[in-house]
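Everything on this sheet refers to the single structure shown next.
For clarity, every value in this text was computed on a predicted model and none was experimentally measured. FYI, side chains are in, hydrogens and waters are out, and symmetry mates aren't considered; it's all heavy atoms of this structure.
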Amino acid sequence: MNNPQELKYSREHEWVRVEGNRATVGITDFAQHQLGDVVFVEVPTVGLAVTAGQKFSVVESVKAVSDIYTPLSGTVVAVNDALNDTPEKINEEPYGAGWIAVIEMSNPGELDALLDAAGYEKFAAEGGH
């Protein structure tokens, strides 16, 4: 499993890349493997105010429909509209072109509740529940 060291991870299998006060969010390599082939992604709306733990996206695969939860509170400032035409990017590049949204964080202290790569790998190896 590929989990970049510079990212933070939630126990709901989202990853976070922090740049200044903004955080790019996507689903992990583990999550996309569990889902199988992604066929549809409902991205959030730019301007949406979100609270950590709140559903903000939906990913549909050949196996299941899964709610995606924002790991951080703030405002959605960008979304990956390319996923409308190429949802498979989540399978192909979960940490690159498969990103879902960018959040302007309202409470950067919430980052402390997320796992580092080693912690996430251990969590996922134990079943990820």
Measure the CG-CH2 distance between Leu115 and Trp15 for me, rounded to the nearest 0.5 Å. 16.0 Å
Can a donor-acceptor pair be found, under 3.5 Å and without considering hydrogens, that links the side chain of Ser61 to the backbone of Leu35? yes
Just do the side-chain contact (heavy atoms from CB on, under 4.5 Å) check on Tyr95 and Asn3 with the steps written out, would you? CA-CA 8 Å; Tyr95 301 113; Asn3 297 303; 2.8 Å; yes
Can you list the steps and then say if Leu111 with Met105 is a side-chain contact (heavy atoms from CB on, under 4.5 Å)? CA-CA 10 Å; Leu111 290 167; Met105 295 182 286; 4.0 Å; yes
Side-chain heavy-atom pair Arg11, Phe123 within 4.5 angstrom cut-off: yes
Under the salt bridge (Lys or Arg N to Asp or Glu O under 4.0 Å) rule, collect the residues that match up with Glu60, sequence neighbours excluded. none
Where Thr70 and Phe56 come nearest, the two heavy atoms and their spacing: N-CD2, 3.6 Å
Please tabulate, one pair per line, all N/O donor-acceptor pairs under 3.5 Å involving side-chain atoms of residues 72-87, not counting sequence neighbours.
unit_1: Ser73; atom_1: OG; unit_2: Ala52; atom_2: N; d: 2.9
unit_1: Ser73; atom_1: OG; unit_2: Glu110; atom_2: OE1; d: 3.3
unit_1: Ser73; atom_1: OG; unit_2: Glu110; atom_2: OE2; d: 2.8
unit_1: Asn80; atom_1: OD1; unit_2: Ala82; atom_2: N; d: 3.3
unit_1: Asn80; atom_1: ND2; unit_2: Ala97; atom_2: O; d: 2.8
unit_1: Asn80; atom_1: ND2; unit_2: Trp99; atom_2: O; d: 2.7
unit_1: Asn84; atom_1: ND2; unit_2: Asp81; atom_2: O; d: 3.3
unit_1: Thr86; atom_1: OG1; unit_2: Ala82; atom_2: O; d: 2.8

Side-chain hydrophobic cluster, 4.5 Å single linkage: members besides Val58: Val65
Sequence neighbours excluded, the answer for side chain to side chain donor-acceptor pair (under 3.5 Å) partners of Glu104 is Asn21, Arg22
Which residue pairs satisfy the salt bridge (charged side-chain N to carboxylate O under 4.0 Å, His left out) criterion with at least one member in residues 113-129, sequence neighbours excluded? none
What residues, two or more places apart in sequence or in another chain, satisfy side chain to side chain donor-acceptor pair (under 3.5 Å) together with Asp67? none
Looking at CD1 of Ile68 and CD1 of Ile90, how far apart are the two atoms once the value is rounded to the nearest 0.5 Å? 7.0 Å
Identify, with sequence neighbours excluded, every residue that meets side-chain contact (heavy atoms from CB on, under 4.5 Å) alongside Pro71. Ser10, Glu14, Val16, Val25, Leu114
Contacts satisfying salt bridge (charged side-chain N to carboxylate O under 4.0 Å, His left out) that involve residues 90-100 (not counting sequence neighbours) are Lys89-Glu92, Lys89-Glu93
dist Lys55:NZ -> Glu12:CD (nearest 0.5 Å) comes out at 15.0 Å
Ring pair (Phe, Tyr, Trp, His ring centres under 6.0 Å) filter on Tyr120, not counting sequence neighbours, yields Tyr9, His13
Tell me whether Leu48 is reachable from Val46 by hopping between hydrophobic residues (I, L, V, M, F, W, Y) whose side-chain heavy atoms are closer than 4.5 Å. yes
Working to the nearest 0.5 angstrom, can you tell me the gap between Ser57 OG and Ile27 CD1? 8.5 Å
What residues, two or more places apart in sequence or in another chain, satisfy ring pair (Phe, Tyr, Trp, His ring centres under 6.0 Å) together with Tyr69? none
